[in-house]
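So the structure is just underneath, and the comments pick up after that.
Just the heavy atoms: all of them, side chains too, but no hydrogens, waters or symmetry mates, feed the values below. Just so you know, residue 1 is the first one in the sequence shown, and it goes up from there. What you see is a predicted model; the values in this text were computed from it and never measured.
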Amino acid sequence: MTAPADVTTPQTDEAAVLEHLLATRWSCRAYQDRPVPEATIDRLLTVAQRSASWCNTQPWQVVVTSGEGTERFREAMTNGARHNQPRFDFDAPAEYRGVYRDRRRASGWQLYQAVGVERGDREASSRQAFENFRFFGAPHVAIITTDAVHGVYGAVDTGLYVGTFLLAARSLGLGATPQAALASHSPLIREHFDIPADRKILVGISFGFADTDHPANNYRTARAPLNEVVTRVRQ
């Protein structure tokens, strides 16, 4: 039997490549101001398009900004975030409990310590949080939407696309960070980009060339050991 044409014998340790991308990816929160070449963005989107989805439905759609498009959107988001209450298309988490709360706090404090925010300084922490709406200075933003009628599984498929997008960005030498903060102003985004009502805004992703000298990019989060997240059933 002849193998399908797209099946080849790996010439490298592909698991090691994937492990490297996962281990070296981080949520980039400071960017250089130089734009990413269009050819690189096209390659990023082409790689991300290979993401898995239920019955290959590919429910995601993506709006990508560059140049003045990013600057107009940045201005709209900063103004909107100052004057409007958050409104998600999807329900935000009601709360974080136990280990999830602990992990979230640990991640937040790593960021605050990196950028010099003292414990209890709410004004400084609010300023840092507001950087979400400036896209941390990124030259590009991707707004990721999913088909509303696909429900939770469409959101899961689109979440898989987000993960693939982040790894693709890392493989191309780019920084990126997924931002629920942007989706917290979904009505503004819908109006700004004329996104139809049958699309739900899942998340935004700021991306570009990382400013590796910025302190916000000089820490890394940990991952839970397997015995905290895996139950093995052997018999």
Side-chain angles (χ1 to χ4, degrees), residues 3-29 31-74 89 135-148 150 153-180 182-183 189-190 192-196 198-212 217:
D6 61 343
V7 175
T8 58
T9 301
Q11 300 300 308
T12 60
D13 186 345
E14 293 181 337
V17 173
L18 179 58
E19 286 172 344
H20 173 75
L21 292 174
L22 288 165
T24 59
R25 190 208 66 80
W26 82 100
S27 291
C28 181
R29 292 185 174 88
Y31 294 84
Q32 301 175 36
D33 61 6
R34 64 186 174 114
V36 177
E38 284 293 327
T40 302
I41 295 177
D42 286 348
R43 189 176 184 190
L44 163 61
L45 297 171
T46 300
V47 172
Q49 193 63 25
R50 298 302 307 178
S51 184
S53 61
W54 189 342
C55 295
N56 197 35
T57 50
Q58 305 169 61
W60 52 81
Q61 289 187 7
V62 188
V63 177
V64 178
T65 71
S66 298
E68 286 302 312
T70 299
E71 297 313 314
R72 286 193 299 271
F73 184 40
R74 199 187 322 268
D89 277 353
F135 319 140
F136 304 107
H140 307 281
V141 179
I143 298 298
I144 316 297
T145 71
T146 185
D147 195 302
H150 289 199
Y153 287 102
V156 169
D157 286 342
T158 306
L160 291 174
Y161 175 87
V162 170
T164 307
F165 185 108
L166 297 176
L167 289 180
R170 180 71 190 105
S171 75
L172 293 166
L174 303 176
T177 185
Q179 297 169 260
L182 301 187
I189 294 173
R190 187 178 310 283
H192 186 84
F193 292 114
D194 196 24
I195 295 172
D198 63 355
R199 307 295 307 173
K200 283 193 170 185
I201 297 163
L202 183 65
V203 73
I205 305 175
S206 295
F207 69 98
F209 293 104
D211 179 356
T212 55
N217 286 331

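Within 6.0 Å of atom CG in D198, more than 12 heavy atoms from other residues, nucleotides or ligands are found, so the atom counts as buried in its surroundings.
A pairwise comparison of heavy atoms in A176 and L166 identifies CB-CD2, 3.9 Å as the closest pair. Closest of all the heavy-atom pairs between H140 and T70 is CA-OG1, 3.9 Å. Here the shortest heavy-atom pairing between A48 and A168 reads N-CB, 4.5 Å. The two atoms that bring F165 and A142 nearest to each other are CZ-CB, 4.1 Å, heavy atoms only. Heavy atoms only, all atoms of each residue included: L202 and A155 are closest at CD2-O, 3.9 Å. The shortest heavy-atom contact between F207 and A138 is O-CB, 3.7 Å.
Side chain of T65 to main chain of G69: no donor-acceptor pair is present (N/O by atom type, distance under 3.5 Å, no hydrogens or angles). A donor-acceptor contact shorter than 3.5 Å is absent between the side chain of R25 and the backbone of R170.
Counting only heavy atoms from C-beta outward, the side chains of I205 and Q179 never approach each other to under 4.5 Å. Between S66 and P139 there is no side-chain heavy-atom pair separated by less than 4.5 Å. Put simply, the side chain of V47 does not reach to within 4.5 Å of the side chain of L167, judged on heavy atoms. At a threshold of 4.5 Å between non-hydrogen side-chain atoms, the residues K200 and H150 do not count as touching.
Legend: residues meeting side chain to side chain donor-acceptor pair (under 3.5 Å) with Q32, ordered by chain and number and at least two apart, are R34. By the salt bridge (Lys or Arg N to Asp or Glu O under 4.0 Å) test, R190 is found to be paired with D89, residues two or more places apart in sequence or in another chain being considered.
In this structure, CD in E68 is found 10.5 Å from CZ in R74, a value given to the nearest 0.5 Å.
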>> Using the rule given for side chain to side chain contact (heavy atoms under 4.5 Å, CB included), can you reason through V141 versus L182, listing the C-alpha separation, both sets of side-chain angles and the distance that settles it, and then say yes or no?
In response: CA-CA 10 Å; V141 179; L182 301 187; 4.1 Å; yes

> Taking it one step at a time, do I144 and V203 satisfy side chain to side chain contact (heavy atoms under 4.5 Å, CB included)?
Replying inline: CA-CA 6 Å; I144 316 297; V203 73; 4.0 Å; yes

>> Between F135 and Y31, is the ring pair (Phe, Tyr, Trp, His ring centres under 6.0 Å) condition met? List the steps.
In response: CA-CA 9 Å; F135 319 140; Y31 294 84; 9.9 Å; no

>> For W60 and T145: C-alpha separation, side-chain torsions, deciding distance, then whether side chain to side chain contact (heavy atoms under 4.5 Å, CB included) applies.
In response: CA-CA 6 Å; W60 52 81; T145 71; over 6 Å; no

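With 3.5 Å as the limit, one finds no donor-acceptor pair spanning the side chains of T177 and R29.
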Side-chain donor-acceptor distances from residues 156-164 under 3.5 Å, at least two apart:
from: D157; atom 1: OD1; to: W54; atom 2: N; distance (Å): 3.2
from: D157; atom 1: OD2; to: W54; atom 2: N; distance (Å): 3.0
from: T158; atom 1: OG1; to: T146; atom 2: OG1; distance (Å): 3.0
from: T158; atom 1: OG1; to: G154; atom 2: O; distance (Å): 2.8
from: T164; atom 1: OG1; to: S51; atom 2: OG; distance (Å): 3.3
from: T164; atom 1: OG1; to: L160; atom 2: O; distance (Å): 3.0

